[in-house]
Amino acid sequence: MKTPVLEVTNVEKTYGRARESQFHALKGISFYMEEGEFVGIMGPSGSGKTTLLNTISTLDSPSGGSIKVSGTEITQMKQGQLAKFRSEKLGFIFQDFNLLENLNLYENIALPLSLQGKKGKHIRSQVHMVAEKLGIEDLLEKYPVAVSGGQKQRAAAARAIVHNPSMLLADEPTGALDTKSAKSLLDAMKALNEQHQVSIMMVTHDPFTASYCQRVLFIQDGQLYKTLERTASRQHFYQTILDVLSDLGASRQID
Ligand SMILES: Nc1ncnc2c1ncn2[C@@H]1O[C@H](COP(=O)(O)OP(=O)(O)OP(=O)(O)O)[C@@H](O)[C@H]1O
């Protein structure tokens with residue numbers, strides 16, 4: 001077995017204080033992810049996908065269980081340690097890009113390194129390297145307002161990996177993109193994963209987007225319902241994903 005980049009063991013999350021109205025959003029979820037894997041998280045609305053992603057990304061703390069990223073237990077970290085860990089070890093892509101409009105793409109991509117106080121020369125070489133990987137070298141001088149949604153999202157992906165994180169976490173990255181832009185982002189993510197061994201975990205509602213993963217975990221009512229491994233073509237995997245979603249009674253979300 002390869003080194004696990006992520007080990008999630010019996011993770012629980014209860015929202016609300018004791019004696020108030022509580023909601024048990026995660027009910028003992030366990031799984032692991034190897035270095036260089038591309039894993040999808042799917043499930044009906046309200047099943048706990050974002051809650052799970054938020055506990056892994058350290059944006060929220062679980063009520064119980066253990067989460068290790070590259071062997072480091074993150075659930076017991078203090079706020080200061082968490083902020084450092086997040087900025088060094090994790091990269092994020094959100095549905096709404098989260099680019100700063102008053103910075104050009106170069107400056108946006110450079111931001112995580114500037115915030116870490118890295119030297120200008122290191123920043124320049126890293127930004128150019130990731131921009132090349134994502135096919136946006138010619139757009140670096142442009143401001144977000146002057147590029148397409150798909151280009152913005154590729155810039156967001158470049159920013160998410162510019163500091164060589166252990167893991168890239170994506171929450172509905174294609175949610176705001178048209179089909180063509182979504183495909184180009186997914187091709188870029190696939191290349192990052194296959195050619196540059198970036199480990200990716202992605203939450204999505206969309207079976208086409210999920211078909212780019214090697215493995216998809218399905219969550220229902222805060223529990224792991226099923227795991228699907230891609231064994232044949234993407235088209236075949238897409239069909240298998242549709243079948244599971246249909247079993248889950250989630251078919252209304254895929255049209
Ligand atoms: N801060 C909160 N306080 C109380 N309940 C919450 C909170 N955040 C989420 N929940 C509840 O936890 C459950 C899981 O929410 P979560 O956002 O993780 O679902 P999801 O699978 O990501 O849904 P969607 O696909 O609609 O984004 C939902 O029932 C939600 O209402």
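Values in this document were obtained by computation on a predicted structure and should not be read as measured data. One-based numbering, in listed order, for ligands and for the atoms of each.
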For ligand 1, which part of A25 has a heavy atom less than 4.0 Å away: the side chain, the backbone, both, or neither? side chain
Distance under 6.0 Å and angle within 45° of the ring axis: does R215 meet both against F38? no
With a 4.0 Å cut-off on heavy atoms, is G16 touching ligand 1? no
Identity of the nearest option to atom 25 (O) of ligand 1, non-hydrogen atoms only, from K13, K49, Q220, M42: K49
For atom CD of Q22, is the number of surrounding heavy atoms from other residues, nucleotides or ligands below 6.0 Å larger than 12? yes
Would you say ligand 1 has an N or O under 3.5 Å from any N or O of L52? no
Give the atom numbers and elements of ligand 1 that come within less than 4.0 Å of a heavy atom of P44. 21 (O)
Any L192 side-chain heavy atom under 4.5 Å of K133 side chain: yes
Enumerated ligand 1 atoms positioned under 4.0 Å from heavy atoms of T51: 14 (C), 15 (O), 16 (P), 18 (O)
Flag yes if more than 12 heavy atoms outside E141 fall under 6.0 Å of its CD atom; otherwise flag no. no
Anything under 3.5 Å between a donor and an acceptor, one on a side chain of residues 105-118, the other on a protein residue two or more places apart or in another chain? List them.
| from | atom 1 | to | atom 2 | distance (Å) |
| --- | --- | --- | --- | --- |
| E107 | OE1 | N104 | N | 2.9 |
| N108 | OD1 | L100 | N | 2.8 |
| N108 | ND2 | L100 | O | 3.0 |
| N108 | ND2 | L103 | O | 3.0 |
| N108 | ND2 | N104 | O | 3.3 |
| S114 | OG | A110 | O | 3.1 |
| Q116 | NE2 | S87 | O | 2.9 |

Do any N or O atoms from the side chain of Q153 and from the backbone of P173 form a donor-acceptor pair under 3.5 angstrom? yes
Output the list of atoms in ligand 1 that are nearer than 4.0 Å to some heavy atom of H205, sorted by atom number. 25 (O)
Any heavy atom of G48 sitting closer than 4.0 Å to ligand 1? yes
